[in-house]
Amino acid sequence: MTTAKTSARKPFALAVLGGTPTFAQPVHVGRPNVGDRANLYRRFDEMLDRNWLTNDGPFVKEFERRIAEYVGTKHCVAMCNATIALEIAVRGLELAGEVIVPSYTFVATAHALQRQEITPVFCDVDPRTHNLDPRRLERMITPRTTGIIGVHLWGRAAPVEELDEIAWRRGLALLFDAAHAFGCSHRGRMIGSFGTCEVFSFHATKFLNSFEGGAIVTNDGPLAKKFRLMRNFGFAGYDNVIHVGTNGKMCEAAAAMGLNSLDSIDDFVAVNRANYDAYARALDGIYGLTLVPYDPAERNNYQYVVVEVDADRFGLTRDELVAVLHGENVLARRYFFPGCHRMEPYRSYFPHAGLLLPETERLAAQVCSLPTGTSVTERDIHVIGDLIRRAGASAAEVRRVLVDREKYRDASSAES
Ligand code: T4K
(Lines give C-alpha, C1' and ligand atoms only; values in the text may rest on other atoms or scores of the structure.)
Protein backbone atom coordinates (compact mmCIF):
# COMPACT_ATOMS: atom_id res chain seq x y z
CA MET A 1 0.00 0.00 0.00
CA THR A 2 1.19 3.53 -0.74
CA THR A 3 0.38 6.51 1.41
CA ALA A 4 -1.09 9.73 0.02
CA LYS A 5 1.39 12.34 1.18
CA THR A 6 0.26 14.73 3.88
CA SER A 7 1.70 18.24 4.10
CA ALA A 8 2.15 20.58 7.02
CA ARG A 9 -0.90 22.69 7.79
CA LYS A 10 -2.06 25.24 10.26
CA PRO A 11 -3.57 23.36 13.15
CA PHE A 12 -7.37 23.43 13.27
CA ALA A 13 -7.75 25.48 10.06
CA LEU A 14 -9.67 23.76 7.32
CA ALA A 15 -8.47 24.73 3.83
CA VAL A 16 -11.83 26.40 3.04
CA LEU A 17 -11.22 28.55 6.12
CA GLY A 18 -7.77 29.60 4.98
CA GLY A 19 -5.66 26.64 6.06
CA THR A 20 -3.28 24.60 3.90
CA PRO A 21 -4.83 21.59 2.14
CA THR A 22 -4.22 18.51 4.28
CA PHE A 23 -3.19 16.26 1.42
CA ALA A 24 -0.48 17.48 -0.94
CA GLN A 25 -1.70 15.09 -3.66
CA PRO A 26 -5.34 14.39 -4.61
CA VAL A 27 -6.84 11.40 -2.83
CA HIS A 28 -9.19 9.80 -5.37
CA VAL A 29 -12.32 7.75 -4.87
CA GLY A 30 -11.42 5.17 -7.49
CA ARG A 31 -7.66 4.76 -7.83
CA PRO A 32 -7.08 1.49 -9.71
CA ASN A 33 -5.94 -1.55 -7.75
CA VAL A 34 -2.88 -3.04 -9.39
CA GLY A 35 -1.87 -6.57 -8.46
CA ASP A 36 1.50 -8.23 -9.01
CA ARG A 37 3.27 -6.15 -11.69
CA ALA A 38 5.93 -8.79 -12.44
CA ASN A 39 3.19 -11.31 -13.24
CA LEU A 40 1.39 -8.76 -15.39
CA TYR A 41 4.57 -8.09 -17.40
CA ARG A 42 5.08 -11.85 -17.77
CA ARG A 43 1.58 -12.10 -19.21
CA PHE A 44 2.27 -9.19 -21.58
CA ASP A 45 5.47 -10.93 -22.76
CA GLU A 46 3.54 -14.13 -23.31
CA MET A 47 0.90 -12.23 -25.30
CA LEU A 48 3.48 -10.45 -27.45
CA ASP A 49 5.47 -13.65 -28.04
CA ARG A 50 2.25 -15.33 -29.13
CA ASN A 51 1.42 -12.35 -31.36
CA TRP A 52 -2.27 -12.78 -30.61
CA LEU A 53 -3.69 -9.51 -29.33
CA THR A 54 -7.47 -9.71 -29.52
CA ASN A 55 -10.41 -11.63 -31.08
CA ASP A 56 -11.21 -14.29 -28.50
CA GLY A 57 -7.60 -14.95 -27.55
CA PRO A 58 -6.33 -17.40 -24.92
CA PHE A 59 -6.24 -14.84 -22.10
CA VAL A 60 -9.84 -13.82 -22.81
CA LYS A 61 -10.89 -17.48 -22.75
CA GLU A 62 -9.06 -18.04 -19.46
CA PHE A 63 -10.57 -14.86 -17.97
CA GLU A 64 -14.07 -15.98 -18.99
CA ARG A 65 -13.54 -19.42 -17.48
CA ARG A 66 -12.30 -17.98 -14.19
CA ILE A 67 -15.10 -15.39 -13.93
CA ALA A 68 -17.77 -18.04 -14.61
CA GLU A 69 -16.18 -20.34 -12.03
CA TYR A 70 -15.99 -17.55 -9.48
CA VAL A 71 -19.65 -16.61 -9.71
CA GLY A 72 -20.95 -20.09 -10.49
CA THR A 73 -22.51 -19.49 -13.90
CA LYS A 74 -22.25 -21.73 -16.94
CA HIS A 75 -21.20 -18.94 -19.28
CA CYS A 76 -19.24 -15.72 -19.25
CA VAL A 77 -18.85 -13.55 -22.34
CA ALA A 78 -16.13 -10.94 -21.80
CA MET A 79 -16.60 -7.53 -23.40
CA CYS A 80 -14.70 -4.28 -23.92
CA ASN A 81 -16.73 -2.56 -21.15
CA ALA A 82 -19.97 -2.96 -19.22
CA THR A 83 -21.84 -0.32 -21.22
CA ILE A 84 -21.44 -2.26 -24.48
CA ALA A 85 -22.18 -5.47 -22.56
CA LEU A 86 -25.47 -3.94 -21.35
CA GLU A 87 -26.32 -2.83 -24.88
CA ILE A 88 -25.64 -6.32 -26.22
CA ALA A 89 -27.64 -7.93 -23.40
CA VAL A 90 -30.60 -5.63 -24.04
CA ARG A 91 -30.52 -6.29 -27.78
CA GLY A 92 -29.91 -10.02 -27.34
CA LEU A 93 -32.98 -10.25 -25.10
CA GLU A 94 -34.95 -8.40 -27.80
CA LEU A 95 -36.17 -5.71 -25.43
CA ALA A 96 -38.18 -2.90 -26.98
CA GLY A 97 -40.67 -0.19 -26.05
CA GLU A 98 -40.09 0.61 -22.38
CA VAL A 99 -37.74 -0.91 -19.83
CA ILE A 100 -37.89 -0.05 -16.14
CA VAL A 101 -34.63 1.02 -14.50
CA PRO A 102 -33.65 3.00 -11.44
CA SER A 103 -32.72 6.63 -12.01
CA TYR A 104 -30.37 6.36 -9.06
CA THR A 105 -27.52 4.69 -10.95
CA PHE A 106 -24.63 5.53 -13.27
CA VAL A 107 -26.01 6.92 -16.51
CA ALA A 108 -24.71 3.96 -18.55
CA THR A 109 -27.66 1.87 -17.36
CA ALA A 110 -30.12 4.28 -19.02
CA HIS A 111 -27.95 5.04 -22.06
CA ALA A 112 -27.70 1.34 -22.93
CA LEU A 113 -31.45 1.48 -23.58
CA GLN A 114 -31.79 4.95 -25.06
CA ARG A 115 -29.10 4.28 -27.68
CA GLN A 116 -31.37 1.52 -28.99
CA GLU A 117 -34.42 3.77 -28.92
CA ILE A 118 -35.89 1.96 -25.95
CA THR A 119 -37.40 4.28 -23.34
CA PRO A 120 -35.84 3.95 -19.88
CA VAL A 121 -38.71 4.36 -17.43
CA PHE A 122 -37.24 5.58 -14.17
CA CYS A 123 -38.50 3.95 -11.01
CA ASP A 124 -37.79 5.22 -7.52
CA VAL A 125 -35.60 3.37 -5.04
CA ASP A 126 -36.03 2.12 -1.51
CA PRO A 127 -34.30 4.69 0.73
CA ARG A 128 -32.90 1.95 2.97
CA THR A 129 -31.26 -0.10 0.22
CA HIS A 130 -30.77 2.51 -2.55
CA ASN A 131 -32.08 -0.19 -4.91
CA LEU A 132 -35.29 -0.45 -6.97
CA ASP A 133 -38.46 -0.37 -4.93
CA PRO A 134 -40.59 -3.30 -6.19
CA ARG A 135 -43.86 -1.78 -4.91
CA ARG A 136 -43.34 1.37 -6.94
CA LEU A 137 -42.03 -0.61 -9.89
CA GLU A 138 -45.25 -2.54 -10.34
CA ARG A 139 -47.07 0.76 -10.88
CA MET A 140 -44.68 1.79 -13.69
CA ILE A 141 -45.53 -1.19 -15.91
CA THR A 142 -47.48 -0.31 -19.06
CA PRO A 143 -48.47 -2.35 -22.13
CA ARG A 144 -45.20 -1.16 -23.74
CA THR A 145 -42.99 -2.52 -20.94
CA THR A 146 -40.78 -5.43 -22.01
CA GLY A 147 -38.23 -5.69 -19.24
CA ILE A 148 -36.62 -4.62 -15.99
CA ILE A 149 -32.96 -3.85 -15.38
CA GLY A 150 -32.19 -4.10 -11.68
CA VAL A 151 -28.95 -2.55 -10.44
CA HIS A 152 -27.07 -3.98 -7.46
CA LEU A 153 -26.00 -0.55 -6.30
CA TRP A 154 -22.76 -0.38 -4.30
CA GLY A 155 -22.65 -4.20 -4.62
CA ARG A 156 -25.69 -4.63 -2.38
CA ALA A 157 -28.16 -6.96 -4.09
CA ALA A 158 -31.29 -5.53 -5.69
CA PRO A 159 -34.52 -7.15 -4.43
CA VAL A 160 -34.06 -10.11 -6.76
CA GLU A 161 -36.87 -12.32 -5.47
CA GLU A 162 -39.48 -9.56 -5.66
CA LEU A 163 -38.30 -8.45 -9.11
CA ASP A 164 -38.22 -12.03 -10.31
CA GLU A 165 -41.80 -12.59 -9.12
CA ILE A 166 -43.05 -9.42 -10.83
CA ALA A 167 -41.17 -10.20 -14.05
CA TRP A 168 -42.54 -13.75 -14.13
CA ARG A 169 -46.14 -12.68 -13.36
CA ARG A 170 -46.12 -9.81 -15.86
CA GLY A 171 -44.18 -11.63 -18.60
CA LEU A 172 -41.15 -9.32 -18.54
CA ALA A 173 -37.47 -9.98 -19.09
CA LEU A 174 -35.27 -9.42 -16.04
CA LEU A 175 -31.58 -8.68 -16.15
CA PHE A 176 -29.18 -7.06 -13.74
CA ASP A 177 -26.59 -4.37 -14.02
CA ALA A 178 -24.06 -5.90 -11.65
CA ALA A 179 -21.33 -3.37 -12.50
CA HIS A 180 -20.63 -2.87 -8.77
CA ALA A 181 -21.27 -6.38 -7.58
CA PHE A 182 -18.51 -8.73 -8.70
CA GLY A 183 -17.56 -10.87 -5.71
CA CYS A 184 -20.78 -10.10 -3.80
CA SER A 185 -23.48 -12.54 -2.76
CA HIS A 186 -27.19 -12.49 -2.08
CA ARG A 187 -28.58 -15.00 0.41
CA GLY A 188 -25.33 -16.88 0.09
CA ARG A 189 -25.46 -17.17 -3.71
CA MET A 190 -22.97 -15.22 -5.78
CA ILE A 191 -24.37 -12.34 -7.79
CA GLY A 192 -24.10 -13.30 -11.46
CA SER A 193 -26.73 -15.98 -11.75
CA PHE A 194 -29.86 -13.92 -11.03
CA GLY A 195 -32.33 -12.94 -13.75
CA THR A 196 -31.69 -14.08 -17.33
CA CYS A 197 -28.24 -12.55 -17.31
CA GLU A 198 -26.10 -10.10 -15.36
CA VAL A 199 -23.46 -7.61 -16.46
CA PHE A 200 -20.20 -6.88 -14.61
CA SER A 201 -17.86 -3.94 -15.09
CA PHE A 202 -14.08 -4.27 -14.86
CA HIS A 203 -13.39 -0.59 -15.47
CA ALA A 204 -10.16 0.83 -14.03
CA THR A 205 -12.08 2.31 -11.09
CA LYS A 206 -13.72 -0.99 -10.13
CA PHE A 207 -12.01 -2.95 -7.37
CA LEU A 208 -11.25 -5.68 -9.90
CA ASN A 209 -10.17 -4.11 -13.17
CA SER A 210 -9.07 -5.12 -16.63
CA PHE A 211 -8.17 -1.50 -17.55
CA GLU A 212 -11.50 -1.26 -19.39
CA GLY A 213 -13.75 -4.31 -19.47
CA GLY A 214 -17.04 -5.94 -18.75
CA ALA A 215 -18.79 -9.28 -19.08
CA ILE A 216 -22.21 -10.84 -19.39
CA VAL A 217 -22.73 -13.94 -17.28
CA THR A 218 -25.66 -16.31 -17.76
CA ASN A 219 -26.75 -19.91 -17.45
CA ASP A 220 -28.57 -19.73 -20.78
CA GLY A 221 -26.45 -21.46 -23.43
CA PRO A 222 -28.22 -20.24 -26.60
CA LEU A 223 -28.25 -16.68 -25.24
CA ALA A 224 -24.52 -16.81 -24.43
CA LYS A 225 -23.91 -17.99 -28.00
CA LYS A 226 -25.92 -15.05 -29.32
CA PHE A 227 -23.96 -12.60 -27.12
CA ARG A 228 -20.70 -14.03 -28.49
CA LEU A 229 -21.89 -13.49 -32.05
CA MET A 230 -23.05 -9.98 -31.26
CA ARG A 231 -19.78 -8.88 -29.68
CA ASN A 232 -17.95 -9.89 -32.89
CA PHE A 233 -20.08 -8.19 -35.60
CA GLY A 234 -22.31 -11.27 -35.84
CA PHE A 235 -19.57 -13.40 -37.49
CA ALA A 236 -20.20 -17.15 -37.29
CA GLY A 237 -17.04 -17.97 -39.25
CA TYR A 238 -14.99 -16.36 -42.00
CA ASP A 239 -17.24 -14.17 -44.18
CA ASN A 240 -20.40 -15.49 -42.56
CA VAL A 241 -22.45 -12.90 -40.66
CA ILE A 242 -25.64 -14.35 -39.18
CA HIS A 243 -26.70 -11.68 -36.70
CA VAL A 244 -26.55 -7.94 -36.23
CA GLY A 245 -23.55 -7.15 -34.07
CA THR A 246 -20.93 -4.69 -32.96
CA ASN A 247 -17.34 -4.69 -31.80
CA GLY A 248 -17.65 -5.52 -28.11
CA LYS A 249 -14.53 -7.67 -27.84
CA MET A 250 -12.17 -7.63 -24.88
CA CYS A 251 -8.55 -7.48 -26.01
CA GLU A 252 -5.77 -9.71 -24.67
CA ALA A 253 -4.01 -6.91 -22.76
CA ALA A 254 -7.26 -6.20 -20.88
CA ALA A 255 -7.77 -9.89 -20.17
CA ALA A 256 -4.15 -10.17 -18.93
CA MET A 257 -4.86 -7.33 -16.48
CA GLY A 258 -8.17 -8.96 -15.53
CA LEU A 259 -6.41 -12.26 -14.78
CA ASN A 260 -3.79 -10.43 -12.77
CA SER A 261 -6.52 -8.71 -10.78
CA LEU A 262 -8.24 -12.04 -10.17
CA ASP A 263 -4.97 -13.40 -8.76
CA SER A 264 -5.11 -10.63 -6.11
CA ILE A 265 -8.85 -10.45 -5.53
CA ASP A 266 -8.70 -11.67 -1.93
CA ASP A 267 -6.10 -9.01 -1.08
CA PHE A 268 -8.19 -6.25 -2.70
CA VAL A 269 -11.31 -7.26 -0.77
CA ALA A 270 -9.32 -7.50 2.47
CA VAL A 271 -7.96 -3.96 1.98
CA ASN A 272 -11.42 -2.60 1.09
CA ARG A 273 -12.87 -4.32 4.14
CA ALA A 274 -10.16 -2.92 6.43
CA ASN A 275 -10.70 0.55 4.92
CA TYR A 276 -14.44 0.27 5.42
CA ASP A 277 -13.94 -0.70 9.07
CA ALA A 278 -11.48 2.17 9.48
CA TYR A 279 -14.11 4.59 8.13
CA ALA A 280 -16.69 3.12 10.51
CA ARG A 281 -14.35 3.96 13.40
CA ALA A 282 -13.32 7.35 12.02
CA LEU A 283 -16.91 8.48 11.41
CA ASP A 284 -18.40 6.93 14.53
CA GLY A 285 -20.65 9.30 16.44
CA ILE A 286 -20.64 12.12 13.86
CA TYR A 287 -24.12 13.51 14.20
CA GLY A 288 -26.05 13.56 10.89
CA LEU A 289 -23.64 11.32 8.97
CA THR A 290 -24.59 7.72 8.16
CA LEU A 291 -22.19 5.19 6.70
CA VAL A 292 -24.13 2.96 4.30
CA PRO A 293 -23.85 -0.58 5.74
CA TYR A 294 -23.05 -3.93 4.14
CA ASP A 295 -24.71 -7.10 5.35
CA PRO A 296 -21.96 -9.02 7.20
CA ALA A 297 -23.77 -12.29 6.46
CA GLU A 298 -23.07 -11.82 2.74
CA ARG A 299 -19.89 -11.68 0.69
CA ASN A 300 -19.13 -8.04 -0.10
CA ASN A 301 -16.38 -6.37 -2.10
CA TYR A 302 -16.61 -3.16 -0.02
CA GLN A 303 -15.47 -1.13 -3.04
CA TYR A 304 -17.71 1.84 -2.28
CA VAL A 305 -17.63 3.73 0.99
CA VAL A 306 -20.87 5.67 0.84
CA VAL A 307 -22.19 8.18 3.34
CA GLU A 308 -25.52 9.95 3.67
CA VAL A 309 -25.37 13.51 4.94
CA ASP A 310 -28.39 14.84 6.79
CA ALA A 311 -27.83 18.61 6.50
CA ASP A 312 -30.20 19.50 9.35
CA ARG A 313 -28.30 17.36 11.81
CA PHE A 314 -24.76 17.59 10.41
CA GLY A 315 -24.91 21.34 9.84
CA LEU A 316 -23.66 21.24 6.25
CA THR A 317 -25.23 19.91 3.08
CA ARG A 318 -23.57 17.08 1.18
CA ASP A 319 -22.38 19.61 -1.41
CA GLU A 320 -20.86 21.80 1.28
CA LEU A 321 -19.10 18.80 2.81
CA VAL A 322 -17.77 17.79 -0.61
CA ALA A 323 -16.50 21.37 -1.11
CA VAL A 324 -14.66 21.14 2.24
CA LEU A 325 -13.11 17.79 1.30
CA HIS A 326 -12.10 18.96 -2.16
CA GLY A 327 -10.39 21.93 -0.48
CA GLU A 328 -8.31 19.37 1.41
CA ASN A 329 -7.54 17.43 -1.82
CA VAL A 330 -9.90 14.63 -0.83
CA LEU A 331 -11.85 14.13 -4.05
CA ALA A 332 -15.07 12.67 -2.67
CA ARG A 333 -17.63 12.05 -5.43
CA ARG A 334 -21.34 12.76 -5.57
CA TYR A 335 -22.27 9.33 -6.92
CA PHE A 336 -24.97 9.36 -8.27
CA PHE A 337 -25.83 12.99 -8.73
CA PRO A 338 -28.17 14.33 -10.03
CA GLY A 339 -29.95 11.07 -11.00
CA CYS A 340 -30.30 9.95 -14.61
CA HIS A 341 -33.68 11.67 -14.94
CA ARG A 342 -31.92 15.02 -14.50
CA MET A 343 -29.35 14.30 -17.21
CA GLU A 344 -29.77 14.73 -20.95
CA PRO A 345 -31.60 13.59 -22.94
CA TYR A 346 -33.85 12.32 -20.16
CA ARG A 347 -34.50 15.63 -18.45
CA SER A 348 -35.74 17.10 -21.75
CA TYR A 349 -37.88 14.07 -22.49
CA PHE A 350 -39.36 13.77 -18.98
CA PRO A 351 -39.02 17.19 -17.32
CA HIS A 352 -41.34 16.24 -14.45
CA ALA A 353 -39.92 12.77 -13.74
CA GLY A 354 -38.63 13.99 -10.38
CA LEU A 355 -42.20 14.14 -9.06
CA LEU A 356 -42.29 10.36 -9.14
CA LEU A 357 -38.78 9.98 -7.76
CA PRO A 358 -38.74 11.60 -4.31
CA GLU A 359 -36.29 9.13 -2.75
CA THR A 360 -33.94 9.35 -5.73
CA GLU A 361 -33.97 13.15 -5.49
CA ARG A 362 -33.25 13.01 -1.77
CA LEU A 363 -30.43 10.47 -2.07
CA ALA A 364 -28.89 12.29 -5.03
CA ALA A 365 -28.68 15.37 -2.80
CA GLN A 366 -27.41 13.58 0.33
CA VAL A 367 -25.02 10.84 -0.72
CA CYS A 368 -21.32 10.89 -1.46
CA SER A 369 -18.57 8.32 -1.92
CA LEU A 370 -15.27 8.54 -0.06
CA PRO A 371 -11.83 7.40 -1.24
CA THR A 372 -10.88 3.77 -0.74
CA GLY A 373 -8.92 0.98 -2.42
CA THR A 374 -5.29 -0.03 -2.16
CA SER A 375 -3.90 3.51 -2.54
CA VAL A 376 -5.67 4.75 0.56
CA THR A 377 -4.18 3.92 3.98
CA GLU A 378 -5.90 3.59 7.31
CA ARG A 379 -3.97 6.69 8.41
CA ASP A 380 -5.48 8.63 5.44
CA ILE A 381 -8.93 7.46 6.52
CA HIS A 382 -8.34 8.56 10.08
CA VAL A 383 -7.36 12.01 8.76
CA ILE A 384 -10.40 12.17 6.42
CA GLY A 385 -12.69 11.23 9.33
CA ASP A 386 -11.12 13.99 11.41
CA LEU A 387 -11.66 16.51 8.58
CA ILE A 388 -15.33 15.55 8.33
CA ARG A 389 -15.75 15.82 12.08
CA ARG A 390 -14.16 19.27 12.09
CA ALA A 391 -16.26 20.38 9.12
CA GLY A 392 -19.40 19.50 11.08
CA ALA A 393 -18.08 21.20 14.22
CA SER A 394 -17.36 24.46 12.33
CA ALA A 395 -20.44 24.20 10.13
CA ALA A 396 -21.69 27.76 10.62
CA GLU A 397 -18.34 29.32 9.71
CA VAL A 398 -17.78 26.95 6.77
CA ARG A 399 -21.22 27.71 5.41
CA ARG A 400 -20.69 31.45 5.68
CA VAL A 401 -17.38 31.23 3.76
CA LEU A 402 -18.87 28.99 1.07
CA VAL A 403 -21.91 31.23 0.64
CA ASP A 404 -19.65 34.32 0.36
CA ARG A 405 -17.49 32.49 -2.18
CA GLU A 406 -20.60 31.61 -4.19
CA LYS A 407 -21.82 35.22 -4.09
CA TYR A 408 -18.40 36.42 -5.26
CA ARG A 409 -18.47 33.86 -8.07
CA ASP A 410 -21.98 34.97 -9.12
CA ALA A 411 -20.93 38.63 -9.03
CA SER A 412 -17.79 38.07 -11.13
CA SER A 413 -19.66 35.98 -13.69
CA ALA A 414 -22.35 38.71 -13.93
CA GLU A 415 -19.58 41.28 -14.59
CA SER A 416 -17.82 39.27 -17.28
N1 T4K B 1 -23.52 0.50 -14.55
C2 T4K B 1 -23.13 1.06 -13.39
C3 T4K B 1 -24.03 0.98 -12.21
C4 T4K B 1 -21.88 1.70 -13.32
O5 T4K B 1 -21.48 2.27 -12.15
C6 T4K B 1 -21.05 1.73 -14.45
C7 T4K B 1 -19.78 2.41 -14.40
C8 T4K B 1 -21.51 1.12 -15.63
C9 T4K B 1 -22.76 0.52 -15.64
C10 T4K B 1 -20.70 1.12 -16.88
O11 T4K B 1 -19.48 0.43 -16.70
P12 T4K B 1 -18.26 0.64 -17.77
O13 T4K B 1 -18.84 0.78 -19.15
O14 T4K B 1 -17.52 1.89 -17.34
O15 T4K B 1 -17.44 -0.61 -17.64
C16 T4K B 1 -16.55 6.07 -13.26
C17 T4K B 1 -16.28 4.94 -14.21
O18 T4K B 1 -15.83 5.42 -15.47
C19 T4K B 1 -17.46 4.05 -14.44
O20 T4K B 1 -16.94 2.83 -14.93
C21 T4K B 1 -18.20 3.76 -13.15
N22 T4K B 1 -19.41 3.02 -13.37
C23 T4K B 1 -18.58 5.06 -12.46
C24 T4K B 1 -19.26 4.81 -11.16
O25 T4K B 1 -17.37 5.77 -12.18
P26 T4K B 1 -16.41 8.65 -13.51
O27 T4K B 1 -16.45 9.46 -14.74
O28 T4K B 1 -17.08 9.14 -12.32
O29 T4K B 1 -14.91 8.25 -13.13
P30 T4K B 1 -13.62 9.09 -13.15
O31 T4K B 1 -12.96 8.97 -14.45
O32 T4K B 1 -13.89 10.44 -12.61
O33 T4K B 1 -12.75 8.26 -12.10
C34 T4K B 1 -13.12 8.13 -10.76
C35 T4K B 1 -11.91 8.32 -9.89
O36 T4K B 1 -10.88 7.43 -10.16
C37 T4K B 1 -11.35 9.67 -10.02
O38 T4K B 1 -11.28 10.11 -8.70
C39 T4K B 1 -9.98 9.48 -10.68
C40 T4K B 1 -9.62 8.07 -10.43
N41 T4K B 1 -8.96 7.36 -11.53
C42 T4K B 1 -9.70 7.08 -12.64
C43 T4K B 1 -9.15 6.39 -13.67
C44 T4K B 1 -9.96 6.06 -14.91
C45 T4K B 1 -7.64 7.00 -11.43
O46 T4K B 1 -6.99 7.29 -10.43
N47 T4K B 1 -7.08 6.28 -12.45
C48 T4K B 1 -7.78 5.95 -13.58
O49 T4K B 1 -7.23 5.26 -14.47
O50 T4K B 1 -16.99 7.20 -13.90
Side-chain angles (χ1 to χ4, degrees), residues 2 4 23 25-34 67 77-90 99 101-115 120 122 125 130-132 149-158 175-182 184 191 197-217 231 246-251 253-254 257-258 261 301 303-306 322 325-326 328-340 343 360 363-364 367-376 380 384:
T2 56
F23 291 92
Q25 301 296 328
V27 188
H28 290 284
V29 161
R31 268 293 199 236
N33 294 329
V34 179
I67 294 288
V77 187
M79 306 262 176
C80 55
N81 59 55
T83 307
I84 293 292
L86 278 167
E87 286 189 19
I88 288 178
V90 162
V99 171
V101 290
S103 173
Y104 194 59
T105 177
F106 189 61
V107 73
T109 322
H111 281 350
L113 295 163
Q114 187 62 45
R115 270 172 44 83
F122 297 120
V125 290
H130 299 188
N131 280 320
L132 275 176
I149 304 183
V151 179
H152 306 297
L153 209 77
W154 319 132
R156 304 192 306 173
L175 66 151
F176 289 98
D177 175 340
H180 299 181
F182 186 72
C184 301
I191 287 178
C197 62
E198 304 210 47
V199 171
F200 293 124
S201 169
F202 305 117
H203 180 258
T205 56
K206 297 292 180 287
F207 88 105
L208 185 127
N209 85 84
S210 62
F211 303 137
E212 287 271 3
I216 313 181
V217 284
R231 81 166 173 193
T246 184
N247 184 351
K249 288 169 283 154
M250 176 178 269
C251 71
M257 182 62 173
S261 298
N301 58 34
Q303 71 178 315
Y304 290 102
V305 174
V306 180
V322 167
L325 292 174
H326 281 210
E328 306 292 345
N329 252 332
V330 177
L331 302 187
R333 294 295 298 268
R334 298 186 296 176
Y335 292 143
F336 285 105
F337 176 82
C340 297
M343 293 175 165
T360 299
L363 289 173
V367 167
C368 68
S369 294
L370 299 173
T372 188
T374 50
S375 342
V376 178
D380 297 332
I384 293 169

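Starting from 1, each residue takes its place in the sequence as its number. Atoms within each ligand, like the ligands themselves, are counted from 1 in listed order.
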At a 4.0 Å threshold, what atoms of ligand 1 neighbour a non-hydrogen atom of [X]?
| X | answer |
| --- | --- |
| Thr105 | 3 (C) |
| Val29 | 38 (O) |
| Ser201 | 11 (O), 12 (P), 15 (O) |
| Gly213 | 15 (O) |

Ring geometry between Phe336 and Trp154 (parallel below 30°, tilted from 30 to 60°, perpendicular above 60°):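 The arrangement is parallel - the two ring planes meet at less than 30°.
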Please check whether [X] reaches ligand 1 - meaning an N/O of the residue sits under 3.5 Å from an N/O of the ligand, judged on distance alone.
| X | value |
| --- | --- |
| Glu212 | no |
| Arg31 | yes |
| Ala82 | yes |

Location of contacts on Ala108 toward ligand 1, heavy atoms closer than 4.0 Å: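 Side chain only.
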Which segment of Thr83 sits under 4.0 Å of ligand 1 when only heavy atoms are counted: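 Both backbone and side chain.
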Measure the distance from [atom] to every protein heavy atom, then report the residue, atom name and distance (to 0.1 Å) of the closest one.
| atom | result |
| --- | --- |
| atom 49 (O) of ligand 1 | Pro32 CG, 3.8 Å |
| atom 44 (C) of ligand 1 | His203 CE1, 3.9 Å |
| atom 9 (C) of ligand 1 | Asp177 OD2, 3.4 Å |
| atom 5 (O) of ligand 1 | His180 NE2, 2.7 Å |
| atom 36 (O) of ligand 1 | Gly30 O, 3.2 Å |
| atom 42 (C) of ligand 1 | Thr205 CG2, 3.6 Å |
| atom 21 (C) of ligand 1 | Lys206 NZ, 2.9 Å |
| atom 37 (C) of ligand 1 | His28 ND1, 3.6 Å |

Heavy-atom proximity to atom 6 (C) of ligand 1, best of Tyr335, Phe202, Phe106, Tyr304: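 Nearest option to atom 6 (C) of ligand 1, by heavy atoms: Phe106.
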Heavy-atom proximity to atom 32 (O) of ligand 1, best of Arg333, Glu87, Arg334: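 The residue whose heavy atom sits nearest atom 32 (O) of ligand 1 is Arg333.
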Any donor-acceptor pair under 3.5 Å from His152 side chain to Ala158 backbone: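 Yes, His152 side chain to Ala158 backbone: donor-acceptor pair under 3.5 Å.
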